[in-house]
Amino acid sequence: MGYDHKKIETKWQKYWDEHATFKCDVYDFSKPKYYILDMFPYPSGEGLHVGHFENYTATDIMARMQRMRGYNVLHPIGWDAFGLPAEQYAIKTNHHPEQFTRTNIERFKKQLRRAGFSYDWSKEIATIDEDYIKWTQWIFLKLYEDGLAYVSYQPVNFCPALGTVLANEEVIDGKSEVGGFPVIRKPMRQWMLKITAYADKLEEGLSTLDWPHSTLEMQKNWIGRSFGTRVVFDVKGKDVSFNVFTTRVDTLYGCMYCCLAPEHPLVAKITSEDKKDEVEAYLKKIASKSDLERTDLNKEKTGVFIGAYAINPINGEEVPIYIADYVLANYGEGAVMAVPAHDERDYAFAKAHGIGMRQVLEGDISKEAFTGDAKHINSPLINGLNIDESKKVLNEYLKKIGKGEEKITYKLRDWLFSRQRYWGEPIPVVYLDDNTIVPLNESDLPLTLPHLDEYKPSGTGESPLALAKDWLDVTIDGKHARRETNTMPQWAGSCWYYIRYLDPHNDKCIADPKLIEHWLPVDLYVGGAEHAVLHLLYARFWHKVLFDHGIVKCEEPFKKLFHQGMILGSNYEKMSKSRGNVVNPDDLIEEFGADALRFFEMFMGPLEASLPWNDNGVEAARKYLDRVYRLIELPENAKKISDTNDHSLDYVYHYTVKKVTEDFLNLQYNTGLAQLMVLTNEMYKATTIYKPYLVGLIIMLSPVSPHLMEEMYEMLGYDGSLSTANWPTYEDKCLKKNDVTIGVQINGKLRGTITIDVEADEKAIEEAALALPGVQKYIEGHEIKKIIVIKHRIVSIVIN
RNA sequence: GCCCUGGUGGCGAAACUGGUAGACGCACAGGACUUAAAAUCCUGGGGUAGUGAUACCGUGUCGGUUCGAUUCCGACCCAGGGCACCA
């Protein structure tokens, strides 16, 4: 019937608890450190799902393995506990969101313990804890001191249905990411973080990281660094000029008009009298468009001539100035020089507005803009040169005449850091009656949330905190002041939690500097690819700020990053309640045990792949574990266990140790486990099982299915927990085989195999290959042109 | 449209720096054990033709390089993820 998973798993979970088996002494610097981190969960009302399990099992295996390999392993867990669902629950029920959150945390904890994850629970943190909020706010004050946090009244995305402002990243196609409600533009007082000040450092740091290629690409694209030129255009007849940004300064001779963003400050100043009405009407049209419409209409290039002309600094030509909404106010200089012949957008605009074009590169522009590299024409200073050479020449020239310079711009925008919500960290500043901002003193932290009778958004955009009169009004140095009602976004707490884990109860500083220096950066960080940009970019940003303050000593927080794939429903669709394909881990643990679930989730395929759930999978994993168990439980197998080595398993065992060790360290658990199955199968076939090899199997399997392996270790007569056992090693001499089987190809087709002594020289291999009857048959009557012998691999015979 | 990732049996997947494609597992089939079934243990499974040894075909498609290509190169098709007028 197999082992009693309930009894065994409960027994060992209790043992680990009572012996504090996985508590990490962070001050023990005698062993090399290994810091392995999971992206901490948001404690939702739905509990842990199989996807969480995949993530946490993967890291748990690494943690358990590295402990056995002699590392001091830090493997903590905590709760990303602020978040919208708790607030929405509070709005509905009028209960405090913390109540909801704490209940969920307890449920998650129970599930994690049942899964047997080897977390150091003494390091547990939640972002909503007062002594955590304190340091989140403390970091905010550092950002404020540095001028990296500032108030801005720019238009922001307001979602009437949620009654709150959203970050650009939370708006998808003009609708809120959560709920899918329409979003409009509305000017409001906001806190911004100047992440753009770190754009360069964030870009540069990417090259030092051992991260998935696609994630590095995404961050690179998000930061969007581009090298170009700022060119100065004077406005004809007025004493003003404007800048444009271009990455193609080489096409300057082909500039037929200039285009300002509708919001450009110069528009009002230089619009001619007769064009005022037209411009006004256009601006009105733009303003009423939502982001959705603005991007939707991107097929048609709209814009109007504003009755002014700019002077092209390269040739003194006067070109008309337009405004058009395809020019973005907050990128580059908010203005472009338009070269219809060599830019797709300018081409479309010119066609639509009857503007001519001048070709300045050789190429076909009859149907579309030519954007490739070629020789320049119609460009006196650079005729005959290609793009790169031309840029160099023109950059130098523009610099000399004071009309431009090389410039770097970024797509990255500043981070909208405030939310008009209750359930977030209060922003630790107050406003005097004259609107002067006064940051709180460090000694006043943490600034905690007041209890409210109602948690509904005020609807005007201000957070429910505006209703907490007693909390809101304060006296600072005898003067009346009002607290900031905005709170921080959920991202805030997750920006630095990996630091707090080192020293979660420190009330003097965010963590003991000695610990920060020793333990950071995180050696391995595992979590979903959905955080490829936002969380991982924000956390890197804060880390770099803390680095500049000397608080952390390394420039990047997460040395190696890994994204586990998504587990899909058995119908290949994303698991969701509405699709009815959600798999509940609790039921599976109940029926097959945590060990089996852990095993299956690692065995089902590569960790990074998104794979469909297979209902038989967990049962199959369980059957394998039963099979391992029977190696000692079944009398006829137990009889075979011997303290004397008959060497029959030497090769397969040592090969398995090598492969499993390498595969596990590379997070290729599926192939490592396959090899453990091979070893198990061989043990079944063997007449004698050398006991140390059996122990080796148990140890290698223990990170994956720890409870049963602890039990088996005990059954074999060993004391204590496997966590103090040593990871097995292999000997090269056991990996040597006496002979190898290699293929024999004739003209690329496999015609036979030979088994030959590994030491055999090429000549002997060649002879053995030619001697094969199957080979002879093909060679007869043909001339052998060439024989290629690759030792231990293949013999390739070429005939005509 | 642009960027990234991937496409291998009925299914999940393996395959070192180009070297016997399909390890391991699921499902399936056969055998042993059993009165029987379940469980277990053993064996067999890429396709087509053939009783058979064997032959031919086969890693999304088409071409190329090579003695040899899942692996390298070119073009294309499909799926997933990201970005979206970024000058």
Side-chain angles (χ1 to χ4, degrees), chain A residues 1-2 173 212-222 224-226 228-229 244-249 251 259 294-295 297-299 301 324-328 330-339 343-346 348-349 409-413 529-530 532-533 563 565-566 568 570 572 600 603-606 608-617 619-621 623-624 626-627 630 634 636 662 668 670-678 680-681 684-685 741-754 774 777 785-799:
Chain A
M1 203 60 262
D173 289 336
H213 175 75
S214 57
T215 303
L216 292 174
E217 274 312 301
M218 270 193 249
Q219 290 222 348
K220 216 175 264 179
N221 291 339
W222 194 266
R225 181 164 72 176
S226 68
T229 308
V244 305
F245 175 74
T246 177
T247 55
R248 290 294 305 276
V249 69
T251 62
C259 213
R294 246 172 113 153
T295 48
L297 292 173
N298 79 37
K299 295 273 179 290
K301 293 267 178 294
D325 70 351
Y326 81 89
V327 178
L328 307 173
N330 45 15
Y331 179 76
E333 301 285 346
V336 300
M337 63 175 220
V339 184
D343 180 280
E344 283 171 41
R345 294 147 305 182
D346 300 344
F349 188 87
T409 59
Y410 302 90
K411 286 184 201 171
L412 187 68
R413 318 269 171 85
E530 67 272 20
V533 180
H563 297 306
M566 200 183 303
L568 306 171
S570 44
Y572 292 78
F600 170 63
F603 183 68
M604 61 193 285
E608 67 273 23
S610 289
L611 298 170
W613 187 258
N614 176 343
D615 289 325
N616 296 320
E619 191 176 352
K623 278 184 185 169
Y624 169 70
D626 277 328
R627 191 168 152 86
R630 277 193 298 273
L634 213 63
E636 68 240 48
E662 289 170 358
Q668 288 160 347
N670 55 327
T671 51
L673 292 178
Q675 186 57 37
L676 287 173
M677 287 176 158
V678 171
T680 309
N681 291 343
Y684 265 84
K685 283 181 205 152
T741 302
I742 64 175
V744 180
Q745 290 182 343
I746 296 173
N747 284 355
K749 278 190 200 268
L750 187 72
R751 296 299 182 189
T753 59
I754 53 171
K777 194 172 80 185
K785 289 168 73 179
K786 203 174 2 170
I787 299 181
I788 297 155
V789 177
I790 310 290
K791 265 195 184 177
H792 305 177
R793 297 263 186 246
I794 204 143
V795 180
S796 188
I797 301 168
V798 189
I799 59 177

A:Arg413 vs A:Asn330 side-chain heavy atoms within contact, under 4.5 Å = yes

Intra- and inter-strand pairs of RNA chain B in dot-bracket (Watson-Crick or G-U wobble, both distances under 3.5 Å; | for another strand) = (((((((..(((......[....))).(((((.......))))).((((....))))..(((((..]....))))))))))))....

Could you work out the separation of B:A27 and B:A75 based on their C1' atoms and round it to a whole Å?
-> 39 Å

Do A:Phe600 and A:Trp613 have side-chain heavy atoms sitting under 4.5 Å apart?
-> yes

Work out which heavy atom in A:Tyr331 is nearest to a heavy atom in A:Thr409; give both atom names and the distance.
-> OH-OG1, 3.2 Å

A:Leu611 CG to B:G81 C1', in whole Å, measures 15 Å

Any side-chain heavy atom of A:Arg627 sitting closer than 4.5 Å to one from A:Asn681?
-> yes

Distance from A:Tyr572 atom OH to A:Leu611 atom CG, nearest 0.5 Å?
-> 9.0 Å

Whole angstrom is fine here: how far is it from CD1 in A:Ile742 over to C1' in B:A21?
-> 18 Å

When every nucleotide of nucleotides 47-72 of chain B is labelled 5' to 3' by its protein contacts under 4.0 Å (heavy atoms), B for base, S for sugar-phosphate only, - for none, what sequence of letters results?
-> -------SSSS---------BS----

Given the C1' atoms of B:G52 and B:U5, what is the spacing between them in whole Å?
-> 47 Å

Using a 90° cut-off around 0 for syn, call B:G45 syn or anti.
-> syn

List the atom of A:Phe245, the atom of A:Glu333, and the distance in Å for their closest heavy-atom pair.
-> N-CG, 3.8 Å

Apply side-chain contact (heavy atoms from CB on, under 4.5 Å) to A:Ile787 and A:Ile797, showing your working.
-> CA-CA 5 Å; A:Ile787 299 181; A:Ile797 301 168; 4.3 Å; yes

Do any N or O atoms from the side chain of A:Asp343 and from the backbone of A:Ala338 form a donor-acceptor pair under 3.5 angstrom?
-> no

Taking the P atom of each, how far is B:C2 from B:A55, in whole Å?
-> 48 Å

So do the side chains of A:Tyr326 and A:Asp346 get within less than 4.5 Å of each other, counting heavy atoms only?
-> yes

Expressed in whole Å, how much space separates the P atoms belonging to B:A87 and B:G81?
-> 26 Å

Sticking with atom C1', work out how far B:C41 lies from B:C33, rounded to a whole angstrom.
-> 9 Å

Given the 90°-from-0 boundary between syn and anti, B:G9 should be labelled syn

Write down the distance separating the C1' atoms in B:C28 and B:G45, rounded off to the nearest Å.
-> 9 Å

Given protein heavy atoms under 4.0 Å, the one-letter contact record of nucleotides 1-9 of chain B, with B base, S sugar-phosphate only and - none, is simply --SSS----

Which residues pass the side chain to side chain contact (heavy atoms under 4.5 Å, CB included) test with A:Glu344, sequence neighbours left out?
-> none

Answer whether the closest heavy-atom distance between the side chains of A:Asn614 and A:Met604 falls below 4.5 Å.
-> no

Whichever of A:Thr409 and A:Pro612 has its nearest RNA chain B nucleotide further upstream toward 5' | A:Pro612

Ignoring backbone atoms, establish whether A:Tyr684 has a side-chain N or O less than 4.0 Å from OP1 or OP2 of B:C41.
-> yes

Does the side chain of A:Val798 come within less than 4.5 Å of A:Asn747's, by heavy atoms?
-> yes

Does B:G80 have OP1 or OP2 sitting under 4.0 Å from an N or O in the side chain of A:Tyr572?
-> no

Taking the same atom, P, in B:U17 and in B:G6, what whole-Å distance lies between them?
-> 15 Å

Under 3.5 Å donor-acceptor pair, A:Arg630 side-chain atoms to B:C41 base atoms | no

Given atom CG of A:Asp325 and atom C1' of B:C85, what is their separation to the nearest angstrom?
-> 9 Å

Side chains of A:Lys220 and A:Leu216 in contact at under 4.5 Å (non-hydrogen atoms) | no

For B:G80, does OP1 or OP2 lie under 4.0 Å from any side-chain N or O of A:Ser610?
-> no

Considering residues at least two apart in sequence or located in another chain, which fulfil the side chain to side chain contact (heavy atoms under 4.5 Å, CB included) criterion with A:Pro212?
-> A:Ser214, A:Thr215, A:Leu561, A:His563

Separation of A:Asp615 atom CG from B:C11 atom C1', in whole Å?
-> 13 Å

Mind checking A:Thr246 for me? I need base, sugar-phosphate or nothing, with any heavy atom below 4.0 Å counting as a touch.
-> sugar-phosphate

Nearest-nucleotide wise, let me know which of A:Ala609 and A:Val336 is further upstream toward the 5' end of RNA chain B.
-> A:Ala609

Within-4.5 Å side-chain heavy-atom neighbours: A:Thr246 and A:Val336 = no

To the nearest angstrom, how far is A:Tyr624 atom OH from B:U40 atom C1'?
-> 16 Å

Span that lies between the P atom of B:C78 and that of B:U43, in whole angstrom | 45 Å

Quick test: give all pairs of protein nitrogen or oxygen and nucleotides 22-30 of chain B nitrogen or oxygen below 3.5 Å, distance rounded to 0.1 Å.
from, atom 1, to, atom 2, distance (Å)
B:G25, OP1, A:Asn681, ND2, 3.2

Heavy atoms under 4.0 Å, any strand shown: does A:Pro606 hit a base, just sugar-phosphate, or nothing?
-> sugar-phosphate

Would you find a donor on one side and an acceptor on the other, under 3.5 Å apart, between the side chain of A:Gln668 and the backbone of A:Pro606?
-> no

Give the nucleotide from the list B:G82, B:A87, B:G19 with an atom nearest to the side chain of A:Asp343.
-> B:A87

